[in-house]
Amino acid sequence: MTKQNGALSRDTFLFSDVLLAWFDVHGRHDLPWQHPRTAYQVWVSEIMLQQTQVQTVIPYFIRFMAAFPTLDALARADQETVLAHWAGLGYYARGRNLHRAAQQVVALHNGVQPANYAQLLALPGIGRSTAGAILAQAHGQAFAILDGNVKRVLTRFYAIEGWPGHKHVENLLWEKAEGLLPKARLADYTQAMMDLGATLCRRTKPSCNICPLNLACQAYLKNTVAQFPTPKPKKTLPTHQAWLLITQDHAGKVALVKRPNSGVWGGLYSLPEFSDKNQLLLSGVDLDSLLEWPMVRHSFSHYHLELFPVEAKKHRAVEETAEAIYWMTPAQALSQGLPAPIKIIISKLALHL
Ligand code: SF4
């Protein structure tokens, strides 16, 4: 975290100037933690506001403050009582950490909440953005915040591509957030950033037409607002492959095997399976009668499976391991429990008959 030193650029000056002018008219000035905006009130509100909207937090905050009006009162309370006042807000680790942090402030800082970035960050439940929010709002120090709302505003304003959860994108956003800090009115500016993100630059249907930043907002000017922030990339799942043997006897019955009880498709009937094509070819298949079927793709939660069915008229290995083979007509097979992709293959086989 760096403090804002030196002259502000023209762009920077305009951004905070425009935002503060908007905040003076449209921002939220009557939140309970703003009156008075003490370090303790700001801290409790910031913890409650993590993952939770302002309107939900307000009644909890008022009750919490009535029960624990000072940091010392919070530190002296037992955890059960603290959590009882958190009940309904969710994410109880926040309440537990707040309580532990209050006790640490008493033990380590004589009960005086630190106005120092490193000391705040060392307390349970206080991350970089929360520490910045407390220092800016309660002490007017030049620290930026980067909660979800601010990330959304900045990715749109600068048209920053890449998921904000990626470290390099997050670092860039911190750089931008710090670069925009004004020289004065840090508390109002911080609240203004939060308010703009929550009330105008919403996740869906942002009110760009009345947004004070729309003259310079890159995403708005390029008509690409809906593309920002870049969503979290979907996990790319590995793909496994297997080759399936389709072989039938003279009566049209197809050779099936029973899968082991444990593992994928446990206990279900399936076609004899080979982990690669060579293994299938070398296993005694009649090479002259081979017919390769189109690949069947199936997705599990952790991987994709590509199945390559190969039809062969005779198969030595199947004949030699007859006791492990179940011969069934396609209709009989379809009446059994079959894995979904095997069912597709056997259904096609039934149509051939
Ligand atoms: S113009 Fe639209 S996208 Fe840009 S900051 Fe304002 S509300 Fe957000």
Side-chain angles (χ1 to χ4, degrees), residues 1-2 4 8-31 34 45-46 49-58 127-130 132-133 136-137 142-233:
M1 176 75 63
T2 55
Q4 181 75 6
L8 297 168
S9 72
R10 182 176 156 72
D11 281 350
T12 305
F13 176 75
L14 285 176
F15 185 98
S16 55
D17 227 27
V18 167
L19 189 63
L20 283 165
W22 171 82
F23 173 75
D24 286 340
V25 180
H26 302 285
R28 295 183 275 204
H29 301 271
D30 53 0
L31 298 169
Q34 293 172 321
S45 71
E46 282 300 318
L49 285 166
Q50 291 168 3
Q51 327 275 354
T52 312
Q53 295 192 341
V54 165
Q55 289 314 315
T56 307
V57 164
I58 288 174
R128 186 173 173 178
S129 187
T130 303
Q137 292 185 285
F143 284 91
I145 60 163
L146 195 62
D147 63 7
N149 282 339
V150 177
K151 284 179 183 171
R152 191 166 58 250
V153 172
L154 294 182
T155 54
R156 288 171 174 173
F157 186 76
Y158 289 107
I160 293 173
E161 291 181 359
W163 178 50
H166 285 313
K167 204 69 202 154
H168 67 281
V169 179
E170 196 186 342
N171 287 344
L172 179 60
L173 290 170
W174 274 112
E175 211 176 279
K176 296 291 186 191
E178 288 167 354
L180 290 170
L181 291 176
K183 277 189 163 177
R185 298 190 64 193
L186 267 303
D188 286 346
Y189 174 80
T190 304
Q191 187 65 48
M193 284 294 272
M194 294 180 189
D195 289 358
L196 187 103
T199 63
L200 294 186
C201 198
R202 296 179 300 270
R203 190 175 302 278
T204 54
K205 297 190 185 150
S207 301
C208 299
N209 54 333
I210 54 167
C211 174
L213 304 177
N214 65 11
L215 285 177
C217 174
Q218 292 303 299
Y220 179 67
L221 295 174
K222 293 175 190 162
N223 201 18
T224 55
V225 172
Q227 293 174 25
F228 298 95
T230 303
K232 186 177 182 177

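Computed from a prediction, not measured in an experiment: that's the story for all the values here. Just follow the structure's listing: the first ligand is 1, and inside any ligand the first atom is 1. Along the sequence shown, residues carry numbers from 1.
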query: Short list, please: which atoms of ligand 1 are under 4.0 Å from a heavy atom of V225?
result: 3 (S)
message: According to salt bridge (charged side-chain N to carboxylate O under 4.0 Å, His left out), who are the partners of E170, at least two apart in sequence or on a separate chain?
response: K167
- request: Find all atoms of ligand 1 within a distance of less than 4.0 Å from any non-hydrogen atom belonging to N214, and give their numbers and elements.
  value: 1 (S)
- prompt: Between atom 8 (Fe) of ligand 1 and C208, is there an N, O or S atom separated by less than 2.8 Å?
  reply: no
- prompt: Considering all heavy atoms of both residues, which atom of L19 and which atom of M193 are nearest to each other, and what is their separation?
  reply: CD2-SD, 3.4 Å
field: Protein heavy atom at shortest distance from atom 4 (Fe) of ligand 1
entry: C217 SG, 2.4 Å
message: Looking at R156 and C217, would you say the former's side chain and the latter's main chain have a donor-acceptor pair under 3.5 Å?
response: no
message: Looking at D195 and G27, would you say the former's side chain and the latter's main chain have a donor-acceptor pair under 3.5 Å?
response: no
field: Nearest-neighbour protein heavy atom for atom 6 (Fe) of ligand 1, which is reported as residue plus atom name and distance
entry: C211 SG, 2.3 Å
statement: The closest protein heavy-atom partner of atom 8 (Fe) of ligand 1 is C201 SG, 2.4 Å
- request: Would you check if L31 and S45 make a side-chain contact, meaning some heavy-atom pair closer than 4.5 Å?
  value: no
message: Angle between ring planes, H166 versus H168, binned at 30° and 60°: parallel, tilted or perpendicular?
response: parallel
- request: Below 4.0 angstrom from a heavy atom of R156, which ligand 1 atoms are there? Numbered from 1 as shown, please.
  value: 3 (S)
